[in-house]
2 protein chains.
Amino acid sequence: MTAEKLNSTFFYVLEKSIKTYRQMAQRNLAQEYGAITIDQLLVLQAMKDQPELTQQQIALVVFKDYASITRIIDLLVRKGLLHRADHPTDRRRFELTLTRAADDLLQQVHPRILKNRKIALSGISEEEIAIARKVLAKITENCS
Amino acid sequence: MTAEKLNSTFFYVLEKSIKTYRQMAQRNLAQEYGAITIDQLLVLQAMKDQPELTQQQIALVVFKDYASITRIIDLLVRKGLLHRADHPTDRRRFELTLTRAADDLLQQVHPRILKNRKIALSGISEEEIAIARKVLAKITENCS
DNA sequence: ATCATAATATTGATATATCAAATAATGATG
DNA sequence: CATCATTATTTGATATATCAATATTATGAT
């Protein structure tokens, strides 16, 4: 496989696009809101949307490993964005609630996230996006 | 943003597809060739294709950070897949050459990699892939 | 009521990503 | 040729990914 072939491989293009997007998004976030990562925001948002989720369910939603979720939540607690308390009925679990600071942060970053997506998708038609979405969903299905 | 909205966000679908593909590919590789990662293979292949590349150029080709390349190359040397010698004219650099073991490994895994790609893209038309490729390239361009 | 099994979360080890800082060698310029 | 900016690589710190192992609690079957 030559470098040209590598560059033209579909999965190379795929990796490159998601990495470039993440870099752009992370850079923009860091400039405006300091030391928060996209992954941390994703977890926070998931917990805000569905507070009753277990950590394992959160892992599924944000498409991460259980171990990663444990560590991200640790960080969020240390940063004062999550409050961790005993779960009332299941002592294996914790009751995690977003702090006021987390709510504020999510509200603040929301427009930035929308703007990032808009930048990334500009100049692409709805129809093309729909097809790309279908292709990506099919890949996920094929690899599952 | 509700969980439904998150699930339907284009970049969510994008992340999910690449992660699922990587997991499938890594799992298949591990079963057949033991402890080698896709990233390590990518670096090896790039160095085989263009032996004259500097580490920085390799980083560009495989779309990784300089620091990551340093560490991946360290690993490959420790594993006996790369040979590291002084560079004849530039003492900042090293002359890295693939060992026989690396050549053999690349040859062995090649069919498996092709098979993985085929699995992932099965049931998707050439036309759809072409459009998806165009969309992804445009995203990369927009975020650069 | 007990016990095996399942569910939930954590931890350890290793690999990779990212940013910033440090090292070291090279090249250009006065 | 001495200095200085640039280039190539490495290192440190922190975050995340993945796999395996562990700990603890809950549940279901007997």
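Chain naming here is simple, since letters A, B, ... match the order of the sequence lines and numbering starts at 1 in each. Keep in mind the model is a prediction, meaning the values are calculated, not measured.
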Can you tell me the distance, in whole Å, between the [atom1] atom of [X] and the [atom2] atom of [N]?
X	N	atom1	atom2	result
B/R78	D/dT10	CZ	P	13 Å
A/I72	C/dT11	CD1	C1'	16 Å
B/I38	D/dA17	CD1	C1'	13 Å
B/L53	D/dT9	CG	P	10 Å
A/R71	C/dT14	CZ	C1'	11 Å
B/I58	C/dT16	CD1	P	14 Å
A/I36	C/dT18	CD1	P	17 Å
A/D39	D/dT18	CG	P	11 Å

Inset, instruction - Between A/D74 and A/K19, just flag the one whose closest nucleotide in DNA chain C comes earlier from the 5' side. - result: A/D74
With distance as the sole test, does [X] use its side chain to make a donor-acceptor pair with the main-chain N or O of [Y] at under 3.5 Å?
X	Y	result
B/Q57	B/T54	yes
A/K79	A/A35	yes
B/Q45	B/L42	no
A/T20	B/C143	no
B/T9	B/Y12	no
B/Q108	B/D103	no

Reckon [X] touches a base, only the sugar-phosphate, or nothing at all at heavy-atom distances under 4.0 Å?
X	value
B/T37	sugar-phosphate
B/R22	nothing
B/I69	nothing

Inset, instruction - Using a strict 4.0 Å threshold on nitrogen-to-oxygen distance, state whether A/D74 and A/R78 make a salt bridge. - result: no
Legend entry - Ion pair check, B/R91 and B/D86, cut-off under 4.0 Å: no
Legend entry - Most 5' of A/T89 and A/F63 on DNA chain D, judged by nearest nucleotide: A/F63
Inset, instruction - Select from B/R84 and B/Q23 the residue whose nearest nucleotide in DNA chain D is closer to the 5' end of that strand. - result: B/R84
Would you please confirm or rule out a distance under 4.0 Å between OP1 or OP2 of [N] and any side-chain N or O of [X]?
X	N	result
B/Q40	C/dT16	yes
B/Q26	D/dT18	no
A/S68	D/dT16	no
B/K64	C/dT16	no

Inset, instruction - Would you indicate which nucleotide in D/dA15, C/dA25, C/dA9 comes nearest to any side-chain atom of A/L75? - result: D/dA15
I'd like a list of close polar pairs between nucleotides 6-8 of chain C and the protein, N/O only, cut-off under 3.5 Å.
residue, atom, partner, partner atom, Å
C/dA7, N3, A/R92, NH1, 3.0

